Amino acid sequence: GTSTFMEALAANGTTNIQTSVTGVTASKRRFIDDRRDQPFDKRLRFSVRQTESAYRYRDIVVRKQDGFTHILLSTKSSENNSLNPEVMKEVQSALNTAAADDSKLVLFSAVGSIFCCGLDFIYFIRRLTDDRKKESTKMAEAIRNFVNTFIQFKKPIIVAVNGPAIGLGASILPLCDVVWANEKAWFQTPYTTFGQGPDGCSSLTFPRIMGLAS
């Protein structure tokens with residue numbers, strides 16, 4: 001089981017272990033440059049989804065490996081592995097299944113050159129109809145349930161970060177047990193830029209990990 005797990009980590013290009021989330025000031029230009037791999041991403045997504053051991057969801061791929069469950073973000077309903085309610089529900093479903101089966105741990109990663117771009121704001125804005133209060137409440141509830149699933153998961157969660165982790169994609173990392181990041185990974189929480197409150201418990205976890213000043 002250990003060798004299979006390490007092979008899965010290697011497949012994501014992860015080499016350096018990181019046990020904390022560090023903020024960076026990488027510009028959006030770097031993020032756009034990373035999208036040059038997009039044709040390769042599409043081939044890789046197709047290849048991953050054809051694996052016999054992969055359970056088909058719309059926005060994620062779940063592989064049941066020897067002793068662990070491998071969950072990969074591979075979003076179709078959003079761009080750049082962003083998180084909308086559909087994606088979050090599928091991740092929750094996969095985690096709940098792994099919590100109940102014989103998996104000893106979960107490996108969480110992503111297909112392509114981007115790990116996760118956080119909340120899918122375009123999805124949310126499109127659903128802000130006349131009843132904004134109702135829609136905003138639904139959005140908040142979806143995020144709350146998603147984050148609580150990570151908090152309440154009793155087995156180890158190992159994350160392999162293979163590229164940019166932005167917003168909620170970065171703030172959920174301290175809720176996991178070990179974070180591996182390769183040389184292409186960078187982390188950004190542009191909450192003030194978007195006029196957004198910190199999410200994923202980051203107002204509590206980030207000061208504990210990086211210190212109050214940082």
Side-chain angles (χ1 to χ4, degrees), residues 5 8-9 12-26 30-31 60 68-73 75 78 80-85 87-96 98-99 103-111 114-121 139-214:
F5 175 67
L9 279 174
N12 283 274
T14 52
T15 53
N16 302 323
I17 187 167
Q18 302 286 337
T19 55
S20 66
V21 177
T22 57
V24 298
T25 57
R30 283 188 57 190
F31 167 72
I60 65 174
F68 70 97
T69 296
H70 190 179
I71 301 174
L72 300 97
L73 286 175
T75 57
S78 68
N80 306 320
N81 290 334
S82 297
L83 301 170
N84 59 41
V87 179
M88 290 188 279
K89 284 179 182 177
E90 289 195 354
V91 173
Q92 288 174 247
S93 175
L95 285 173
N96 289 334
S103 298
K104 293 180 174 60
L105 58 84
V106 164
L107 172 60
F108 187 53
S109 63
V111 176
I114 295 174
F115 175 68
C116 179
C117 277
L119 293 175
D120 184 355
F121 288 112
M139 295 173 196
E141 189 67 21
I143 298 168
R144 185 181 300 111
N145 291 338
F146 177 72
V147 172
N148 280 339
T149 301
F150 280 83
I151 294 173
Q152 296 167 3
F153 193 76
K154 297 183 184 298
K155 299 177 182 179
I157 301 178
I158 314 300
V159 188
V161 183
N162 59 315
I166 302 172
L168 187 57
S171 63
I172 61 170
L173 298 180
L175 304 179
C176 304
D177 297 277
V178 177
V179 178
W180 291 64
N182 69 9
E183 65 280 358
K184 294 182 179 180
W186 51 273
F187 309 89
Q188 193 173 47
T189 50
Y191 298 127
T192 54
T193 301
F194 296 140
Q196 177 194 359
D199 54 21
C201 304
S202 56
S203 58
L204 173 67
T205 58
F206 280 16
R208 286 188 174 185
I209 293 171
M210 296 183 286
L212 190 59
S214 296

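Side-chain atoms are counted along with the backbone in the values below, which use heavy atoms only and exclude waters and symmetry mates. The model shown is predicted, which means the values in this text are computed figures rather than measured ones.
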4.5 Å side-chain heavy-atom contact, Trp186 and Val161: no
Short side-chain to backbone donor-acceptor contact, Ser171 and Asp199, under 3.5 Å: yes
CZ-CG distance between Phe153 and Asp177, expressed to the nearest 0.5 angstrom: 9.0 Å
Sequence-distant partners of Ile151, side chain to side chain contact (heavy atoms under 4.5 Å, CB included), two or more places apart: Val147, Asn148, Leu175, Cys201
Test item: Phe150 and Val91 side chains (from C-beta on) under 4.5 Å apart, heavy atoms: yes
Closest non-hydrogen atom pair, Leu173 against Gly169: CG-O, 3.7 Å
Minimum heavy-atom distance between Lys104 and Lys155, given as atom pair plus value: O-CB, 3.9 Å
Polar side-chain atom of Ser103 near backbone of Ala99 as donor-acceptor pair, under 3.5 Å: no
Any side-chain heavy-atom pair of Ser78 and Val87 under 4.5 Å: yes
Pairwise distance CG(Leu83) to CG(Leu73) - rounded to 0.5 angstrom: 6.5 Å
Nearest atoms (heavy-atom pairs only) where Gly167 meets Pro190: N-CD, 4.1 Å
Distance, nearest 0.5 Å, that separates CG of Asn145 from NZ of Lys89: 9.0 Å
Approximate separation, where rounding is to 0.5 Å, of Ile157 CD1 and Ile71 CD1: 7.5 Å
Donor-acceptor contact present, side-chain Asp120 to main-chain Ser82, <3.5 Å: no
Shortest non-hydrogen contact between Ala94 and Ile60, atoms and distance: CB-CD1, 3.9 Å
Residue pair Pro174 / Ile209: nearest heavy atoms and the distance that separates them: CB-CD1, 3.5 Å
Phe146 CZ to Leu168 CG distance, which is reported to the nearest 0.5 Å: 5.5 Å
Flag side-chain contact, heavy atom, 4.5 Å: Ser202 against Tyr191: yes
Side chain proximity check, Ile158 to Phe68, heavy atoms < 4.5 angstrom: no
Separation between CG of Asn80 and CZ of Phe115, rounded to the nearest 0.5 Å: 13.5 Å
Heavy-atom closest contact (Ser109 atom, His70 atom, distance): OG-NE2, 2.7 Å
